[in-house]
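Take a look at the structure set out below.
Letters A, B, ... are given to chains in the order of the sequence lines, protein chains preceding strands, and every chain is numbered from 1. Every heavy atom of this structure was used, including side-chain atoms; hydrogens, water molecules and symmetry mates were not. Everything quoted here is computed from the prediction, not taken from an experiment.
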Amino acid sequence: KQEVTQIPAALSVPEGENLVLNCSFTDSAIYNLQWFRQDPGKGLTSLLLIQSSQREQTSGRLNASLDKSSGRSTLYIAASQPGDSATYLCAVTSGNTGKLIFGQGTTLQVKP
Amino acid sequence: DTGVSQNPRHKITKRGQNVTFRCDPISEHNRLYWYRQTLGQGPEFLTYFQNEAQLEKSRLLSDRFSAERPKGSFSTLEIQRTEQGDSAMYLCASSSRSSGSYEQYFGPGTRLTVT
């Protein structure tokens, strides 16, 4: 059974700092991995999707990497801003259905 | 705005009542998913449709829950005889095969409170 774990559960950093969020999964037979952002009481916004054949994806100040063999992904946020404060969720898909298995999320606070 | 809409956004109901939620996916997306999220947790998969066919249901989806997607367009999720444990955010997502991936786009969710 696939399990996804995110560490740390919460993180507080000063504005401008670079930071890394971690995601690990138990079954390396994944189809793809998605990182999402969730603001309080809101739905999920897709940030990056990495297909199983890829090693990383970049969008603006965000860079996500994937190491299938070790069951790990990282989300790197450069030059953090207070507007980056949110919960970041990692999710993997495996098999044909595409259903997502989520971690519990990392809640990030960026202090001005 | 991802293009996926959900209604209502909030629902407060008394225990034992029936509730129905609606999801309108991105129009060209053939896959539609329902997830449930409780406070402080990641979303959990409930069920999945490809076009109008419901192809998978989680064990979380008890017999009080039913979902439909007539004509492969919008979807409804009904909960009968609601219980306090049903209080959660219900999220809908849609996807299609593009560039070899099924990237999922989520709606804003329906927050259910059972009193």
Give the cluster check for A/Leu47 versus A/Leu19: same hydrophobic cluster or not, with ILVMFWY residues linked at side-chain heavy-atom distances below 4.5 Å. yes
Taking atom CG of B/Leu55 as the centre, report whether more than 12 heavy atoms of other residues, nucleotides or ligands fall under 6.0 Å from it. yes
Determine whether a donor-acceptor pair (N or O, by modelled atom type, separation under 3.5 Å) exists between the side chain of B/Arg31 and the backbone of A/Thr97. yes
Is there a path of hydrophobic side-chain contacts, each under 4.5 Å between heavy atoms of I, L, V, M, F, W or Y residues, that connects A/Tyr88 with A/Ile101? yes
Same apolar cluster (I L V M F W Y, side chains within < 4.5 Å links), A/Tyr76/A/Val13: no
Verify the neighbour count for atom CZ of B/Phe21: are there more than 12 heavy atoms of other residues, nucleotides or ligands below 6.0 Å? yes
Could you see if A/Phe36 belongs to whatever hydrophobic cluster contains A/Leu108? Use Ile, Leu, Val, Met, Phe, Trp, Tyr and a side-chain cutoff under 4.5 Å. no
Contact origin within B/Tyr33 toward chain A - heavy atom pairs under 4.5 Å: side chain
Please report whether the ring centroid of A/Phe102 lies less than 6.0 Å from that of B/Phe45. no
So what's closer than 4.5 Å to chain B heavy atoms on A/Gln6: side chain, backbone, both or neither? neither
Options B/Gln37, B/Arg111, B/Gln50, ranked by heavy-atom pairs under 4.5 Å with chain A, top entry: B/Gln37
Selection from B/Gly40, B/Pro43, B/Pro108 maximising heavy-atom pairs under 4.5 Å formed with chain A: B/Pro43
If you count heavy-atom pairs under 4.5 Å between each of B/Gln6, B/Glu44, B/Gln41 and chain A, which one has the most? B/Gln41
A/Arg72 atom CZ, neighbour heavy-atom count above 12 within 6.0 Å: no
Close contacts, residues 88-95 of chain B versus chain A, judged by heavy atoms under 4.5 Å: B/Met89, B/Leu91
Other residues, nucleotides and ligands only: do more than 12 of their heavy atoms fall within 6.0 Å of NZ on B/Lys11? no
Applying a criterion of heavy atom separation less than 4.5 Å, what residues of residues 68-87 of chain B form contacts with chain A? none
Assess whether atom CZ of A/Arg61 is packed by more than 12 heavy atoms of other residues, nucleotides or ligands within 6.0 Å. yes
Let me know if A/Leu89 has heavy atoms under 4.5 Å from chain B in its side chain, its backbone, both or neither. side chain
Taking A/Lys99, A/Lys42, A/Gln38 one by one, which has the highest count of heavy-atom pairs under 4.5 Å against chain B? A/Lys99
Let me check something: do A/Tyr31 and B/Tyr105 share a hydrophobic cluster, defined by ILVMFWY side-chain heavy atoms less than 4.5 Å apart, either directly or through other members? no
What distance separates B/Tyr102 OH from A/Gln51 CD, expressed to the nearest 0.5 Å? 12.0 Å
Is there a donor-acceptor contact under 3.5 Å linking the side chains of B/Gln104 and A/Ser46? no
